[in-house]
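Working notes for the structure below.
The figures here come from the full heavy-atom set of this structure, side chains too, leaving out hydrogens, waters and symmetry mates. All residue numbers refer to positions in the sequence shown, counting from 1. Both ligands and their constituent atoms are indexed starting at 1 by order of listing. Worth saying up front: this structure is predicted, and the values here are computed from it rather than measured.
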Amino acid sequence: MAKLKKKIALIFGITGQDGSYLAELLLNKNYIIHGVKRRSSSANTERIDHLFDSVNFDNKNIFIHYGDISDGTSTLNIINKIKPDEIYNLAAQSHVRVSFDIPEYTADITALGALRILESIRILNLKKTKYYQASSSEMYGLVKNKNSLNELTPFHPRSIYGVSKVFAYHTAVHYREAYGIFASNGILFNHESPRRGPTFVTKKIVQGLTRIQKGIQKKLTLGNLYAIRDWGHAKDYAVSMWKILQYKKPDDWVIATNKENTVKSFINSVAKKLSMNIKWKGKGLYERGVDQNSGKIIIDIDKKHFRPSEVDFLKGNYSKARKYLKWKPSITTEKLIDDMIEAELSKFD
Ligand code: NAP
Ligand code: GDD
């Protein structure tokens with residue numbers, strides 16, 4: 001019997017949270033993976049180092065290339081060399097708060113970076129290459145009606161990160177309509193994991209409270225405790241990315257859990273699991289979380305963690321993905337928190 005040709009995937013953003021889970025998934029599906037890593041002064045490959053372990057993964061199936069999506073020539077050259085079956089564009093300046101400090105850079109990477117990849121596919125005339133764009137619930141921004149958001153809900157971004165993601169979203173739709181490229185958007189709501197970057201709120205909370213419990217940190221300083229988010233697990237969301245590119249036609253898909261939590265309720269859940277009893281006192285910038293066991297203030301608020309314009313509410317309706325992609329989240333928020341706490345506690349073993 002003829003041997004089936006292995007599929008080739010190219011992942012921009014392989015060193016990030018999602019890139020690492022996606023690479024694991026695709027290696028297990030027998031893909032050949034090419035990942036693009038930008039140059040940095042330290043290795044910055046902690047999330048993918050285990051993939052080069054020849055016992056669990058066949059390390060002949062993964063290759064890393066230096067590149068940067070701010071550099072159109074290197075992007076085109078890499079795509080030309082590999083001619084992948086599937087391109088996943090997960091690369092971005094992905095921190096919303098930081099996009100207020102470095103708006104031009106954020107737009108260059110998060111918006112124009114997507115354009116550079118799609119232009120490369122077009123110029124190289126790669127008819128069979130499918131493109132996945134990591135779109136975001138942050139595109140919805142100012143939500144007027146606090147129902148679950150779906151593929152038809154209008155966008156009103158509240159940060160240059162959100163504005164850039166709207167650009168990249170429409171660029172993918174445009175290349176699909178104008179040039180017939182298989183370009184799909186996954187509109188992913190917040191997803192977290194033990195591999196989440198330390199300045200995103202869930203990781204900051206889990207890491208902070210764990211360290212406070214272990215006596216190596218005194219206080220956790222946060223911003224808006226009342227934003228509502230729909231938090232899923234990154235491992236589940238990597239599966240959706242792959243399913244989106246296996247669907248019979250390119251399309252746009254909301255990926256979410258359809259559950260809502262405030263930042264404060266997330267803190268309370270983490271604290272409870274760590275057997276910490278937090279009592280809340282005060283309001284606004286003066287709100288404090290007091291540890292009932294020690295009587296000490298362990299959570300306070302600093303206005304530097306607020307955004308000039310906030311996204312107050314995000315909850316996603318993933319019915320379309322459930323119906324057509326047969327995708328649904330398998331990991332609850334409670335289990336996500338357990339995973340994140342377990343990973344933090346294991347650092348003290
Ligand atoms: P992440 O951990 O911040 O990873 C971003 C990745 O992009 C990293 O590998 C980063 O490399 C790479 N990157 C940054 N600038 C680059 C450049 N100029 N050239 C090439 N690569 C570059 O983000 P994530 O949470 O995995 O998210 C993946 C994607 O999904 C992002 O586009 C994000 O905006 C989007 N998204 C995320 C969520 C979420 O809740 N996590 C929700 C919706 C959409 P370094 O490792 O060198 O920094
Ligand atoms: N980061 C951070 N740090 N956020 C805080 C803090 C803090 O100290 N205190 C309160 N928050 C609030 C933010 O104001 C926001 O309302 C909420 O916690 C979540 O913040 P982040 O975890 O930074 O995530 P995000 O929702 O802004 O953006 C993430 O999700 C998007 C999808 O909706 C990122 O992963 C984006 O890349 C992604 O597109």
Side-chain angles (χ1 to χ4, degrees), residues 11-23 35-40 42-48 65-71 74-75 78 88-99 105-106 108-110 112-114 116-117 132-141 149 157-159 161-162 164-165 168-169 185-193 195-205 208 220-234 237-238 241 255-256 261-264 266-267 299 301-307 309-314 316:
I11 304 176
F12 289 92
I14 195 168
T15 55
Q17 171 188 255
D18 292 6
S20 66
Y21 285 111
L22 180 67
V36 175
K37 185 204 161 345
R38 57 186 177 151
R39 200 267 156 186
S40 52
S42 51
N44 196 24
T45 52
E46 310 80 40
R47 294 185 179 106
I48 54 166
H65 307 260
Y66 274 111
D68 197 301
I69 57 166
S70 66
D71 179 340
S74 82
T75 301
I78 291 169
Y88 295 86
N89 177 24
L90 312 183
Q93 189 304 90
S94 72
H95 203 284
V96 175
R97 176 68 193 85
V98 172
S99 77
Y105 175 80
T106 301
D108 188 16
I109 306 308
T110 308
L112 293 180
R116 291 183 186 106
I117 299 173
Y132 173 88
Q133 170 59 29
S135 287
S136 164
S137 50
E138 190 68 18
M139 300 188 301
Y140 295 116
L149 314 169
R158 301 272 280 168
S159 63
Y161 170 79
S164 302
K165 283 292 183 185
Y169 170 94
N185 285 291
I187 307 173
L188 272 52
F189 282 62
N190 297 52
H191 45 280
E192 320 294 312
S193 74
R195 299 182 196 165
R196 188 56 144 152
T199 60
F200 294 95
V201 80
T202 56
K203 179 75 167 189
K204 191 173 161 184
I205 293 166
L220 173 62
T221 302
L222 295 164
N224 178 13
L225 300 180
Y226 296 96
I228 293 170
R229 290 290 182 274
D230 174 338
W231 279 298
H233 197 299
Y237 287 42
M241 297 173 191
I255 301 296
N261 275 290
T262 60
V263 172
K264 193 171 178 176
F266 192 93
I267 298 172
I299 298 171
I301 306 295
D302 190 320
K303 62 175 187 301
K304 78 174 179 208
H305 295 300
F306 284 75
R307 287 122 200 235
S309 47
E310 174 65 286
V311 172
D312 294 318
F313 174 87
L314 290 176

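Around ligand 2, the residues contributing at least one heavy atom under 4.0 Å from the ligand are Ser94, His95, Val96, Ser136, Ser137, Glu138, Tyr161, Asn190, Arg196, Thr199, Phe200, Val201, Lys204, Leu222, Gly223, Asn224, Ala227, Arg229, Val263, His305, Arg307, Glu310, Leu314.
Of all protein heavy atoms, the one lying nearest to atom 19 (N) of ligand 1 is Ile69 N, 3.0 Å. Among all non-hydrogen protein atoms, the one lying nearest atom 14 (C) of ligand 1 is Ala92 O, 3.3 Å. At the top of the distance list for atom 2 (O) of ligand 1, counting protein heavy atoms only, stands Gln17 N, 3.1 Å. What sits closest to atom 25 (O) of ligand 1 on the protein, heavy atoms only, is Arg196 NH1, 3.4 Å. Of the protein's non-hydrogen atoms, Ala91 CB, 3.4 Å is the one closest to atom 21 (N) of ligand 1. Given atom 39 (C) of ligand 1, the protein heavy atom at minimum distance is His191 CE1, 3.3 Å. Among all protein heavy atoms, the one lying closest to atom 4 (O) of ligand 1 is Gly16 CA, 3.4 Å.
Between Ile205 and Leu222, the closest side-chain pair of non-hydrogen atoms falls below 4.5 Å. Here the side chains of Asp71 and Tyr66 are not in contact, with every heavy-atom distance at 4.5 Å or above. The shortest side-chain heavy-atom distance between Leu90 and Met241 falls under the 4.5 Å cut-off.
For Gln93, the heavy-atom gap to ligand 1 stays at 4.0 angstrom or more. Residue contact check for ligand 1: Val36 places no non-hydrogen atom closer than 4.0 Å to it. Remark: distances from the non-hydrogen atoms of Lys165 to ligand 1 include one below 4.0 Å. Look at Glu138 and you'll find every heavy atom at least 4.0 Å from all atoms of ligand 1. The closest approach between Tyr161 and ligand 1 falls below 4.0 Å for a heavy atom of the residue.
Between Gly13 and ligand 1, a contact under 3.5 Å exists for at least one N or O pair. Considering backbone and side-chain atoms alike, Phe200 places every N or O at 3.5 Å or more from each N or O of ligand 1. Residue contacts with ligand 1: Leu90 is placed with a nitrogen or oxygen under 3.5 Å of a nitrogen or oxygen of the ligand (distance criterion only). Ligand 1 has no nitrogen or oxygen under 3.5 angstrom from a nitrogen or oxygen of Asn89. For the pair Ser137 and ligand 1, the shortest N or O to N or O distance does not fall below 3.5 Å.
For atom 13 (N) of ligand 1, the nearest non-hydrogen atom from the set Arg38, Gln133, Lys37 comes from Arg38.
For ligand 1, the atoms lying closer than 4.0 Å to a non-hydrogen atom of Asp68 are 17 (C), 18 (N), 19 (N). Of all the atoms in ligand 1, the ones that sit under 4.0 Å from a non-hydrogen atom of Thr15 are 8 (C), 9 (O), 11 (O), 45 (P), 46 (O), 47 (O). Atoms of ligand 1 lying under 4.0 Å from at least one heavy atom of Leu188, given by number and element, are 42 (C), 43 (C). Atoms of ligand 1 found under 4.0 Å from any heavy atom of Asn190 (numbered from 1 in listed order, with element): 40 (O). In summary, the atoms of ligand 1 found under 4.0 Å from a heavy atom of Ser135, numbered by their order in the structure, are 43 (C), 44 (C). Interface atoms of ligand 1 facing Ala134, defined by a heavy-atom separation under 4.0 Å, are 29 (C), 30 (O), 32 (O), 35 (C). Residue Ser94 approaches ligand 1 through these ligand atoms, each under 4.0 Å from one of its heavy atoms: 1 (P), 3 (O), 23 (O), 33 (C), 34 (O).
Separating the NE2 atom in His65 from the CZ atom in Phe12 is a distance of 9.5 Å, to the nearest 0.5 Å. Note that CG of Leu314 is 11.0 Å distant from CE of Met139, once rounded to the nearest 0.5 Å. To the nearest 0.5 Å, atom CD of residue Glu192 and atom CZ of residue Phe266 are 6.5 Å apart. With values rounded to the nearest 0.5 angstrom, Asn44 atom CG is found 11.0 Å from Arg39 atom CZ.
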Requested in this report: Please test His305 against Lys204 for side chain to side chain contact (heavy atoms under 4.5 Å, CB included), starting from the C-alpha separation and ending with a verdict.
Outcome: CA-CA 12 Å; His305 295 300; Lys204 191 173 161 184; 3.3 Å; yes

Query raised in the report: What's the verdict on side chain to side chain contact (heavy atoms under 4.5 Å, CB included) for Glu138 and Ser159, showing C-alpha distance, side-chain angles and the deciding distance?
Result: CA-CA 8 Å; Glu138 190 68 18; Ser159 63; 3.7 Å; yes

Requested in this report: Any chance you could lay out the salt bridge (Lys or Arg N to Asp or Glu O under 4.0 Å) test for Arg116 and Asp68, step after step, and finish with the verdict?
Outcome: CA-CA 10 Å; Arg116 291 183 186 106; Asp68 197 301; over 6 Å; no

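A pairwise comparison of heavy atoms in Ala256 and Asp230 identifies CB-OD2, 3.4 Å as the closest pair. Annotation for His95 and Arg307: closest pair CE1-NH2, 4.2 Å, computed over non-hydrogen atoms. The minimum heavy-atom distance between Ile48 and Thr15, with the atom names listed, is CD1-CG2, 4.1 Å. Pairing each heavy atom of Ser20 with each of Arg47, the nearest pair is CB-O, 3.3 Å. Heavy atoms only, all atoms of each residue included: Ala227 and Glu310 are closest at CB-OE2, 4.0 Å. Minimum interatomic distance between Ile301 and Gly223 (heavy atoms only, all atoms of both residues): CD1-O, 3.6 Å.
In terms of modelled atom types and a separation under 3.5 Å, the side chain of Ser40 and the main chain of Ser42 share a donor-acceptor contact. Under the 3.5 Å distance criterion, the side-chain polar atoms of Asn185 are left unmatched by any main-chain donor or acceptor of Ile187.
Taking the six-membered ring for Trp and thresholds of 30 and 60 degrees, Tyr132 and Tyr88 have ring planes inclined between 30 and 60 degrees apart.
For Asp18, heavy-atom contacts with ligand 1 shorter than 4.0 Å involve the backbone as well as the side chain.
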